[in-house]
Amino acid sequence: MLSVQKALESPLKEFAFNSSVKTSFDENTFKPNSVDEVAILSMNFHSDFDGVVHVKGFVDVPCRFVCDRCAGSFQKNLYFDFEEEICKKSQNSEDDDGFAYDDNGNVDIEEIVKNLIITNFPTKILCRPDCKGLCQTCGINLNDEECEHQKKKIGENNPFADLLNKLGGK
Ligand SMILES: [Zn+2]
Ligand SMILES: [Zn+2]
């Protein structure tokens, strides 16, 4: 829990909040990737005169990723900046994503961090930008090894293959 009460009482005054936040996700949420239980949250916030709390900061959380191309798993931190507004909770809000404070100025910070991680989780995951992936024929990891299928394929896909054949077959 985080209280934004003092911010509401002093509009425009800037407050800082730095904390490790424990989150827990359903194991299928990011499958086959997984997010560490403890995220680092660092943020500043202030209230405006209308009772809207403006939040700006970053989240940093260790993750275990599986590469989309080569299926290799690797450890990397998910880091992202965010900017959000937290409003007063409405009486009958069913879809509570955490971006609201209650009558006492309390915010469910776990819920907020959880939703931020879900929103900012990468959709394309590569172990490295130039990952070569797996050979479709024999399945070896082309980052580590080369196979005959790849060399052949490059030959077939060469746009000048026809021309080269013609020249060679003259
Ligand atoms: Zn890869
Ligand atoms: Zn191969």
Side-chain angles (χ1 to χ4, degrees), residues 1-2 15-45 53-87 93-100 107-170:
M1 279 294 168
L2 159 72
F15 294 86
F17 181 73
N18 299 294
S19 175
S20 47
V21 178
K22 220 176 157 191
T23 58
S24 64
F25 292 98
D26 186 278
E27 61 172 326
N28 293 319
T29 311
F30 301 109
K31 222 174 174 182
N33 312 287
S34 59
V35 173
D36 208 87
E37 272 198 340
V38 181
I40 300 295
L41 168 70
S42 177
M43 64 183 212
N44 288 317
F45 61 96
V53 178
H54 300 259
V55 183
K56 206 174 164 176
F58 68 81
V59 171
D60 193 3
V61 61
C63 295
R64 181 117 214 123
F65 292 108
V66 175
C67 177
D68 286 343
R69 267 187 214 155
C70 73
S73 69
F74 60 101
Q75 195 94 38
K76 202 181 168 184
N77 276 34
L78 172 65
Y79 173 96
F80 58 86
D81 296 313
F82 68 90
E83 232 180 302
E84 293 290 342
E85 287 180 359
I86 301 176
C87 303
S93 71
E94 287 284 311
D95 50 343
D96 184 10
D97 55 4
F99 296 98
V107 175
D108 187 346
I109 205 71
E110 286 87 3
E111 195 61 26
I112 286 185
V113 170
K114 232 177 129 166
N115 278 304
L116 284 172
I117 292 174
I118 290 173
T119 319
N120 287 279
F121 202 80
T123 47
K124 179 129 190 97
I125 293 158
L126 292 178
C127 61
R128 58 194 213 207
D130 61 343
C131 171
K132 296 192 189 105
L134 304 176
C135 169
Q136 308 244 335
T137 312
C138 68
I140 67 157
N141 188 333
L142 297 169
N143 295 312
D144 310 327
E145 290 172 82
E146 239 187 23
C147 67
E148 46 184 316
H149 310 112
Q150 288 317 107
K151 286 177 201 151
K152 226 169 145 187
K153 214 166 145 194
I154 291 163
E156 279 168 13
N157 291 341
N158 188 328
F160 298 110
D162 263 4
L163 185 64
L164 288 171
N165 276 342
K166 275 181 201 148
L167 291 175
K170 197 168 69 170

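In each ligand, atom 1 is the first atom listed, and ligand 1 is the first ligand listed.
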Out of curiosity, [X] [atom1] to [Y] [atom2], how far, rounded to the nearest 0.5 Å?
X: Ile112; Y: Ile117; atom1: CD1; atom2: CD1; result: 12.0 Å
X: Leu134; Y: Cys67; atom1: CG; atom2: SG; result: 8.5 Å
X: Arg128; Y: Asn143; atom1: CZ; atom2: CG; result: 4.0 Å

Self-check item: Summary of side chain to side chain donor-acceptor pair (under 3.5 Å) pairs that have at least one residue in residues 55-69, sequence neighbours excluded
Solution: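 Found Asp60-Asn77, Arg64-Ser73, Arg64-Gln75.
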Exercise. Please work out the angle at the Zn ion (ligand 2) defined by atom SG of Cys138 on one side and atom ND1 of His149 on the other, rounded to 10°.
Key: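 Answer comes to 110°, rounded to 10°.
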Quiz item: How open is the angle at the Zn ion (ligand 2) from atom SG of Cys135 over to atom SG of Cys147, rounded to 10 degrees?
Solution: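 It comes to 100°.
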Quiz item: In this structure, which one of Phe17, Phe80, Tyr79 forms a ring-ring contact (aromatic ring centres under 6.0 Å, His included) with Phe58?
Solution: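 When Phe17, Phe80, Tyr79 are each tested with Phe58, the ring-ring contact (aromatic ring centres under 6.0 Å, His included) holds only for Tyr79.
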Self-check item: Residue and atom names of protein N/O/S atoms that fall under 2.8 Å from the Zn ion (ligand 1)
Solution: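 Near the Zn ion (ligand 1), the protein supplies Cys67 SG, Cys70 SG, Cys127 SG, Cys131 SG.
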Quiz item: Judged by atom type as modelled, is there a donor-acceptor pair below 3.5 Å linking the side chain of Asn33 to the main-chain atoms of Val66?
Solution: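 Yes, Asn33 side chain to Val66 backbone: donor-acceptor pair under 3.5 Å.
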Exercise. Look at the rings of Phe65 and Phe121 and say which category their plane angle falls in: under 30° parallel, 30 to 60° tilted, over 60° perpendicular.
Key: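 It falls in the tilted class, 30° to 60°.
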